[in-house]
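Structure first, then comments.
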Amino acid sequence: MKKINVAIVGVTGYAGEELLRILLNHPMVKISYVAAKIDKPTHCDELFPRFKGKTDLICAGLDLAKMNKNADVIFLAVPHGASYGIVPALIGKGKVVIDLSADFRLRDAALYKKWYHFEHKNKPLLDTAVYGLPEAYRDKIRKAKFVANPGCYPTGAILAALPLLKKEFVQTECIIIDAKSGASGAGRTLKQDLLFSEINESIRAYKVNEHQHMPEIAQELSLAADEKVKIVFVPQIIPVNRGILSSLYFKLSKKVDSAQLLSLYKSFYKNEPFVRVLDEGVFPQTKAVQFTNYCDIGLKVDSETETVIVVSAIDNLVKGAAGQAIQNLNIIMKWEETLGLT
């Protein structure tokens with residue numbers, strides 16, 4: 001079968017580099033164009049020495065005309081606010097666009113000013129974007145030309161919560177999410193508080209209950225529950241390169257034990273190639289999902305407090321970004337969903 005030509009915009013970022021790593025080994029894809037905000041055209045194997053001998057691609061500044069001529073599928077791995085100005089021109093040319101930024105994830109355009117500090121004036125395009133969580137929207141993704149790839153924190157939290165909310169096992173007034181992320185989750189931009197000496201040997205909470213992923217998580221959990229869900233979200237940065245461990249705390253609305261809920265989760269996710277529900281008493285660890293597209297989930301019911309604790313682990317750069325984007329590509333192209341990802 002003929003390979004499709006794909007482009008990566010933002011290839012110098014962590015998610016862009018991860019797209020390059022995975023797509024170079026994808027049997028149905030040819031990377032035909034890469035771009036980034038860069039001082040001068042540079043070979044990718046110079047930017048990333050680990051790709052020496054694997055690619056002769058040259059990264060340069062974005063040239064829309066050249067990209068449209070050379071690629072049928074565009075991955076946008078750019079900072080929040082940058083996709084907003086690029087997507088209309090690509091959609092107008094009939095391209096398949098998979099956007100890893102947050103610019104088209106939120107259904108309420110008014111939320112962008114508060115959470116992302118720009119005014120979203122393209123409501124029609126916002127309405128056409130399909131939220132790219134395969135476990136929730138696979139049928140819509142199959143027909144999509146434009147996918148808004150989920151954020152990393154939302155992916156881990158939503159997958160941990162979906163079965164409980166869909167089956168109405170928990171209360172929705174206050175779901176507590178405690179999420180610990182590796183440093184790569186903050187991107188490659190140079191910031192003093194992300195320097196090695198600042199992060200190493202330390203764990204810290206940041207943007208407590210005001211992180212920009214909060215409305216995205218609340219949106220999707222509310223849709224799953226079919227009612228407004230309120231969340232408390234405490235993100236923390238830990239001294240590792242990659243991975244997110246999310247611990248979610250729910251108040252039960254039905255009497256149930258751990259074994260029953262594990263059975264529910266295993267049934268709910270039985271046909272999902274990238275969700276692994278662990279056995280009773282076993283909980284996820286980030287090391288087990290590094291460089292994979294898996295989400296591991298474990299849970300425990302505390303009958304005394306009528307609380308269920310659900311823990312999920314993902315690689316923030318794979319299932320939380322590039323891997324999920326490629327999973328969405330596979331679905332759109334009607335390929336085996338795991339192609340290039342296992």
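Looking only at side-chain heavy atoms (C-beta outward), Thr292 and Asp315 stay at 4.5 Å or farther from each other. Residues Pro284 and Val289 have side chains not in contact (no heavy-atom distance under 4.5 Å, counting atoms from C-beta outward). Two residues are said to be in side-chain contact when any heavy atoms from C-beta on lie closer than 4.5 Å; Tyr265 and Val275 fail this criterion. At least one side-chain heavy atom of Val318 sits under 4.5 Å from a side-chain heavy atom of Ile22. The closest side-chain heavy-atom distance from Leu159 to Leu133 is below 4.5 Å. The closest side-chain heavy-atom distance from Pro88 to Leu125 is below 4.5 Å. Counting heavy atoms from C-beta on, the side chains of Val232 and Cys174 come closer than 4.5 Å. Side-chain contact between Val234 and Asn209 is absent, with no heavy-atom pair separated by less than 4.5 Å.
Taking each heavy atom of Tyr112 and Ala102 in turn, the nearest pair found is OH-O, 2.7 Å. Looking at every heavy atom in both residues, Leu76 comes nearest to Val97 through CD1-CG1, 3.9 Å. In terms of heavy atoms, Ala157 sits closest to Leu248 at O-CD2, 3.5 Å. Looking at every heavy atom in both residues, Asn5 comes nearest to Ser32 through CB-OG, 3.4 Å. Contact detail for Tyr294 and Pro273: the closest heavy-atom pair is CE2-O, 3.4 Å. Among all heavy-atom pairs drawn from Ala144 and Val130, the shortest one is CB-CG2, 3.8 Å.
Taking the centre and axis of the six-membered ring of Tyr14, the NZ or CZ atom of Arg242 falls outside the cone set by 45° and 6.0 Å.
Side-chain contact of Asp178 with Ser246: a donor-acceptor pair under 3.5 Å is absent, judged by distance alone. Of the N and O atoms on the side chains of Ser181 and Gln236, not one donor lies less than 3.5 Å from an acceptor on the other residue. Between the side chains of Glu227 and Thr172, at least one donor N or O lies within less than 3.5 Å of an accepting N or O. In this model, no donor atom of one side chain and acceptor atom of the other lie less than 3.5 Å apart for Asn330 and Glu336.
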> Arg138 and Glu337: salt bridge (Lys or Arg N to Asp or Glu O under 4.0 Å), yes or no, with the steps?
Replying inline: CA-CA 10 Å; Arg138 185 174 281 104; Glu337 197 164 323; 2.9 Å; yes
> Could you walk me through whether Ile86 and Leu62 pass the side chain to side chain contact (heavy atoms under 4.5 Å, CB included) check?
Replying inline: CA-CA 10 Å; Ile86 301 171; Leu62 178 60; 3.9 Å; yes
>> Could you go through Leu252 and Gln171, starting from their C-alpha distance and side-chain angles, then the distance that decides it, and tell me whether this counts as side chain to side chain contact (heavy atoms under 4.5 Å, CB included)?
In response: CA-CA 6 Å; Leu252 287 165; Gln171 298 173 30; over 6 Å; no
>> side chain to side chain contact (heavy atoms under 4.5 Å, CB included) for Ile8 and Leu20? Distances and angles first, verdict last.
In response: CA-CA 8 Å; Ile8 304 169; Leu20 182 63; 4.2 Å; yes
>> Using side chain to side chain contact (heavy atoms under 4.5 Å, CB included), reason through Ile326 and Leu19 one step at a time and then give a plain yes or no.
In response: CA-CA 8 Å; Ile326 292 163; Leu19 281 166; 4.0 Å; yes
> Step by step, would you call Trp115 with His80 a ring pair (Phe, Tyr, Trp, His ring centres under 6.0 Å)?
Replying inline: CA-CA 11 Å; Trp115 295 97; His80 305 311; over 10 Å; no
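With hydrogens and angles disregarded, a donor-acceptor distance shorter than 3.5 Å links the side chain of Asn149 to the backbone of Ala321. A donor-acceptor contact shorter than 3.5 Å links the side chain of Ser253 to the backbone of Val170. The backbone N or O of Ala129 sits nowhere less than 3.5 Å from a side-chain atom of Arg105 that would complete a donor-acceptor pair. Not one N or O on the side chain of Tyr269 forms a donor-acceptor pair closer than 3.5 Å with the backbone of Glu135. Looking only at distances, a side-chain donor or acceptor of Asp103 sits under 3.5 Å from a matching main-chain atom of Ser83. Side chain of Asp99 to backbone of Phe146: no donor-acceptor contact under 3.5 angstrom is found. One N or O on the side chain of Ser222 and one on the backbone of Ala218 form a donor-acceptor pair closer than 3.5 Å. Under a 3.5 Å cut-off, the side chain of Thr12 and the backbone N or O of Ala36 do not form any donor-acceptor pair. In this structure a side-chain-to-backbone donor-acceptor pair under 3.5 Å is present from Ser312 to Gly156. For Asp279 (side chain) and Val282 (main-chain N/O), no donor-acceptor pair under 3.5 Å exists by modelled atom type.
Atoms NE2 and CD1, from His211 and Ile217 in turn, are 8.5 Å apart once rounded to the nearest 0.5 Å. One distance of note links CZ of Phe283 with CG of Leu299; it measures 7.0 Å at 0.5 Å rounding. Remark: Leu164 CG to Phe250 CZ distance equals 5.0 Å, nearest 0.5 Å. For the atom pair CD1 of Ile244 and SG of Cys152, the computed distance is 4.0 Å after rounding to the nearest 0.5 Å. Rounding to the nearest 0.5 Å places CD1 of Ile31 at 9.0 Å from CZ of Phe75. Atom CG of Leu341 and atom NE2 of His26 lie 6.5 Å apart (nearest 0.5 Å).
By the 6.0 Å contact criterion, NZ on Lys167 is open, its count of non-hydrogen atoms from other residues, nucleotides or ligands being 12 or less. Counting heavy-atom neighbours within 6.0 Å of Asp108 CG, excluding the residue itself, gives a total above 12. For Lys69, the NZ atom counts as loosely surrounded, since its 6.0 Å shell holds 12 or fewer non-hydrogen atoms of other residues, nucleotides or ligands. Taking a 6.0 Å sphere around NZ of Lys300, one finds it holds 12 or fewer heavy atoms contributed by other residues, nucleotides or ligands. Counting heavy atoms of neighbouring residues, nucleotides and ligands inside a 6.0 Å radius, atom NZ of Lys334 exceeds 12 of them. No more than 12 heavy atoms of other residues, nucleotides or ligands shown are found within 6.0 angstrom of CG on Asn241. No more than 12 heavy atoms of other residues, nucleotides or ligands shown are found within 6.0 angstrom of NZ on Lys93.
Here Glu216 does not pair with Arg107 in a salt bridge; the nearest charged N to carboxylate O distance is not below 4.0 Å. Lys254 and Glu306 are not joined by a salt bridge, as no carboxylate oxygen comes within less than 4.0 angstrom of a charged side-chain nitrogen.
Results of the salt bridge (Lys or Arg N to Asp or Glu O under 4.0 Å) test with Asp296 over Lys319, Arg276, Lys287 single out Arg276 as the only residue that passes.
A perpendicular orientation is assigned to the rings of Phe48 and Phe51, their planes being inclined by more than 60° (bins at 30° and 60°).
In the hydrophobic clustering of ILVMFWY residues, with side-chain heavy atoms under 4.5 Å counting as a link, Leu262 and Leu264 come out together.
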Return all side-chain donor-acceptor pairs below 3.5 angstrom for residues 200-208, not counting sequence neighbours, or 'none' if the list is empty.
unit_1, atom_1, unit_2, atom_2, d
Arg204, NH1, Asp193, O, 3.4
Arg204, NH2, Asp193, O, 2.9
Arg204, NH2, Asp193, OD2, 3.4
Tyr206, OH, Tyr153, OH, 2.9
Lys207, NZ, Gln212, OE1, 2.9

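Taking the six-membered ring for Trp, Tyr84 and His120 have ring centres closer than 6.0 Å.
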